[in-house]
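Atoms considered below: every heavy atom in the structure, side chains included; atoms not considered: hydrogens, waters and symmetry mates. Since this is a predicted model, take the numbers as computed values, not measurements.
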Amino acid sequence: MQNKILWDCHMHSSFSADSSSSMEDMIQKAAALGLSGICFTEHLDPDYPPVPEPEPLDFSLDIPAYQETLFSLRNKYQERLEICFGIELGLQPHLEEDFRKLLSSVPFDFVIGSSHIVHGFDPYYPDFFRGRRESACYMEYFESVLENLACFSEMDVYGHIDYVVRYGPNQNREYSYGRYQDILDEILRTLVSRHVGIELNTGGFHYGLGEPNPCAAVIRRYRELGGEIITVGADAHKPENIAHSFEKAAEILRECGFRYYTVFKDRQPEFLPL
């Protein structure tokens with residue numbers, strides 16, 4: 001029988017501003033799917049800008065409450081699956097010192113650093129694209145990734161590197177690795193040199209892209225450049241999206257030259273066979 005990816009290392013519960021799912025519901029679904037382990041990576045996006053929502057989203061995170069709840073549920077479900085304590089940091093250059101202090105004081109298993117905010121705008125909202133060429137918006141996003149890396153690289157992986165294409169007016173219909181090769185290669189070389197991994201985020205399939213984030217060509221190039229660390233997560237915000245399209249993820253990893261995927265425990269990578 002073909003091996004499966006049995007760890008989902010990117011998911012959110014109601015501790016994140018954009019999820020209403022209880023942590024226990026997420027755990028029960030993961031266990032029912034037969035996963036070996038999961039890692040919660042709740043959002044922390046300090047200085048998140050005002051957005052056109054009925055009510056402003058608060059992407060702060062009550063870390064003590066999050067930790068207490070997770071550790072309690074970890075004990076409750078320890079016979080069914082492993083549960084790791086992670087975080088998804090919303091990177092912005094001016095937050096570097098705050099994040100360093102946080103990571104030195106809280107015992108996370110796994111840290112994702114992600115670009116959600118680009119010079120004061122979240123590409124999730126149409127305002128980022130309004131009145132501008134889509135290609136210019138995508139390039140600004142990738143430039144912001146390099147700006148973040150120039151300041152901070154203490155995460156374990158960089159999350160969904162081409163997150164921006166989920167929300168562009170044409171999504172990825174005019175996007176490709178080749179079109180942005182120079183800057184994507186610069187990002188990937190920087191990550192490899194800093195020993196920061198990437199993730200294969202299957203949320204792209206959920207958003208109808210037909211590709212993960214980043215796309216397969218970027219994952220392949222990361223491997224060609226010597227990248228070894230790659231985690232897999234569905235970016236689920238509700239139980240039904242846990243382990244979404246993991247069969248496709250395993251196939252893509254093999255096609256890109258990987259024979260394993262990565263799980264972090266106590267900030268240390270473990271390499272599991274595909």
Side-chain angles (χ1 to χ4, degrees), residues 8-12 16-21 41-45 48-49 51-53 57 59 88-92 112-146 148 155 157-181 183-184 187-188 191 198-222 230-238 240-246 248-249 252 256:
D8 190 330
C9 292
H10 188 153
M11 68 174 60
H12 302 275
S16 292
D18 55 356
S19 174
S20 59
S21 301
T41 51
E42 305 293 1
H43 284 298
L44 175 60
D45 276 74
Y48 190 81
V51 295
E53 292 278 357
L57 294 177
F59 278 103
E88 184 177 10
L89 302 176
L91 302 178
Q92 297 186 66
I112 301 174
S114 294
S115 289
H116 297 130
I117 305 304
V118 183
H119 307 138
F121 291 89
D122 185 341
Y124 177 85
Y125 296 98
D127 284 354
F128 179 69
F129 298 95
R130 189 165 288 121
R132 307 172 62 202
R133 291 177 58 195
E134 191 172 47
S135 59
C137 296
Y138 288 4
M139 183 62 74
E140 183 183 5
Y141 180 87
F142 295 133
E143 289 169 348
S144 78
V145 172
L146 287 173
N148 286 325
M155 55 280 192
V157 303
Y158 212 110
H160 44 50
I161 290 171
D162 54 14
Y163 161 90
V164 66
V165 306
R166 290 182 182 177
Y167 309 112
N170 293 293
Q171 292 190 309
N172 62 349
R173 288 192 289 276
E174 298 175 9
Y175 162 77
S176 68
Y177 159 70
R179 187 168 185 178
Y180 300 90
Q181 179 174 352
I183 193 164
L184 285 168
I187 291 169
L188 295 175
L191 292 171
I198 65 170
E199 67 165 351
L200 188 162
N201 185 308
T202 63
F205 292 112
H206 174 68
Y207 281 89
L209 302 180
E211 288 260 19
N213 298 114
C215 63
V218 172
I219 294 170
R220 182 176 299 108
R221 184 60 173 154
Y222 169 73
I230 187 159
T231 60
V232 181
D235 210 346
H237 289 66
K238 49 189 177 180
E240 54 263 41
N241 289 330
I242 293 172
H244 182 79
S245 296
F246 269 23
K248 293 179 182 177
I252 288 168
C256 291

Check [X] against [Y] and note the closest heavy-atom contact, atom names and distance.
{"X": "H244", "Y": "A234", "result": "N-CB, 3.6 Å"}
{"X": "P212", "Y": "I219", "result": "CG-CD1, 4.3 Å"}
{"X": "S16", "Y": "H43", "result": "OG-N, 2.9 Å"}
{"X": "F128", "Y": "D122", "result": "CB-O, 4.2 Å"}
{"X": "G203", "Y": "N213", "result": "C-OD1, 4.1 Å"}
{"X": "I112", "Y": "C9", "result": "CD1-O, 3.9 Å"}

What's the separation between atom [atom1] in [X] and atom [atom2] in [Y], rounded to the nearest 0.5 Å?
{"X": "Y125", "Y": "R130", "atom1": "OH", "atom2": "CZ", "value": "13.0 Å"}
{"X": "H116", "Y": "E88", "atom1": "NE2", "atom2": "CD", "value": "4.0 Å"}
{"X": "L57", "Y": "D45", "atom1": "CG", "atom2": "CG", "value": "10.0 Å"}
{"X": "H206", "Y": "S245", "atom1": "NE2", "atom2": "OG", "value": "10.0 Å"}
{"X": "L184", "Y": "R221", "atom1": "CG", "atom2": "CZ", "value": "10.5 Å"}
{"X": "L89", "Y": "E42", "atom1": "CG", "atom2": "CD", "value": "12.5 Å"}

Worked verdict on F246 versus D8 for side-chain contact (heavy atoms from CB on, under 4.5 Å): CA-CA 9 Å; F246 269 23; D8 190 330; 3.7 Å; yes
Is any side-chain heavy atom of [Y] closer than 4.5 Å to one of [X]?
{"X": "I161", "Y": "Y222", "result": "no"}
{"X": "E199", "Y": "V232", "result": "no"}
{"X": "N172", "Y": "C215", "result": "no"}
{"X": "L91", "Y": "Y158", "result": "yes"}
{"X": "H160", "Y": "D235", "result": "yes"}
{"X": "I198", "Y": "V157", "result": "no"}
{"X": "V164", "Y": "C137", "result": "no"}
{"X": "I242", "Y": "M11", "result": "yes"}

side-chain contact (heavy atoms from CB on, under 4.5 Å) between T202 and K248, worked out: CA-CA 9 Å; T202 63; K248 293 179 182 177; over 6 Å; no
Residue among F129, Y141, F121, Y207 satisfying ring pair (Phe, Tyr, Trp, His ring centres under 6.0 Å) with Y167: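 That would be Y207; it is the only one of F129, Y141, F121, Y207 passing the ring pair (Phe, Tyr, Trp, His ring centres under 6.0 Å) with Y167.
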H12 side chain vs A236 backbone, donor-acceptor pair below 3.5 Å: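 Side chain of H12 to backbone of A236, a donor-acceptor pair under 3.5 Å: no, none is there.
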Donor-acceptor under 3.5 Å (E211 side chain, A216 main chain):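 At least one qualifying donor-acceptor pair exists.
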Parallel, tilted or perpendicular, as decided by the 30° and 60° cut-offs, for the rings of Y138 and Y180: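 Because their plane-to-plane angle lies in the 30° to 60° range, the rings of Y180 and Y138 count as tilted.
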Among side-chain atoms of [X] and [Y], is any donor-acceptor pair under 3.5 angstrom?
{"X": "N201", "Y": "Y163", "answer": "no"}
{"X": "H237", "Y": "D18", "answer": "yes"}
{"X": "E134", "Y": "N170", "answer": "yes"}

